[in-house]
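Please read the structure below before turning to the comments.
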Amino acid sequence: MSGLTEAQIASFKENGYLVLPDYLSQPELSSLLTETNKLLDEFPLESHPLTQFTTEEDTADHVGDDYFLTSGDKVRFFFEPDAFSSEPDPLTGRAALMKPKNRAVNKIGHSLHTLSPPFKAVSLNERNAAVARSLGFVDPRVLQSMVICKQPSIGGAVPSHRDSEFLYTNPPSAVGWWYALQDAGPKNGTLGMYKGSQTGKKGGHIARRFVRKDGGGTEFIENQGPSLPKGMEEEKSSEPSDEDLEILDIKAGSLVLIHGNVLHKSEKNTSPNSRYAYTFHVIEGAEGWEYDERNWLQPPAEGFSKLEA
Ligand code: AKG
């Protein structure tokens, strides 16, 4: 397997992301959509704690419950806050969904790459191992796989962030693999990338981190460790601005590689069309990089999945 071309690697290094159209075959794409719909149709609502998902900084407590924190090696379902009525269900006293459950889920996570055969097949394969090697990984490990649904009308915005804030290694090494399972454009909350913002000269430092709080829950803290990947220059910094923002138009089946230090976001989906995407992250597992013990997602006993040929 050949991995990325020199031109693709250069483009990734310059922009902090790379779009690879038609990365998934039609059968692969269909298998992932079928599996996503099956998971959404079949999960039981009655026993679900109705956990909602948001990455808004001031509401980090919403995701701090056990259902979220123990989902790193499971397949779990997190709801859109806007799928609920402001009043509880008068019969059960529980939060009341205003949408059918398959249209109410924000995301499914976080171990589809080990537990779902179709997702495992497109994640842990030789082709991705070759791409990881092209990006310089020595012992690439896969973690935090999820389907992000961006449901019609209510699919929540993802505020600007850098992925290494969430999956911090010392020094930073995370890269996101983000597959469009449906077309993603400006109307249905596509990815917005701040071009070049992964570099030291464009504020690409990991200044904050999302961690487990002592005593339970999660919080953002200041990063005290290295803030740029090995080999990246510390340069005088200017912050990314709206001029750097590229709103991507991505066809279903494309793969977007996202540098762990690049600033990116997505807007709320106010359109009638969903925008399913599958994503996982790769971190460096080799000696010389340390996965942080305060990260929200902790490795299973056997360690994170090896991405190998
Ligand atoms: C990420 O995977 O880091 C994202 O920001 C994804 C946002 C989205 O899919 O809307």
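All residue numbers in this chain count up from 1 along the given sequence. Atoms within each ligand, like the ligands themselves, are counted from 1 in listed order.
Residue-level proximity to ligand 1 for L191 is carried by the side chain, the only part with a heavy atom below 4.0 angstrom. Contacts with ligand 1 closer than 4.0 Å are made by side-chain heavy atoms of S266 only, the backbone lying farther away.
Atom 9 (O) of ligand 1 has as its closest protein heavy atom R275 NH2, 2.7 Å. With hydrogens left out, the protein atom closest to atom 1 (C) of ligand 1 is H264 NE2, 3.6 Å, a heavy atom. Summary of contacts: the protein heavy atom closest to atom 5 (O) of ligand 1 is H161 CE1, 2.9 Å.
Using a 3.5 Å distance cut-off with no hydrogens or angles, the side chains of T70 and R76 do pair a donor with an acceptor. Y17 and S11 share no donor-acceptor pair across their side chains, judged by distance under 3.5 Å alone.
Below 4.0 Å from some heavy atom of K150 lie the following atoms of ligand 1, by number and element: 10 (O).
F166 has its ring centre less than 6.0 Å from the ring centre of H161.
Of the residues listed (F119, Y278, F280, Y23), the one engaging W177 in a ring-ring contact (aromatic ring centres under 6.0 Å, His included) is F280, and it is the only one.
When atom types are taken as modelled, the side chain of S25 and the backbone of E28 share a donor-acceptor pair closer than 3.5 angstrom.
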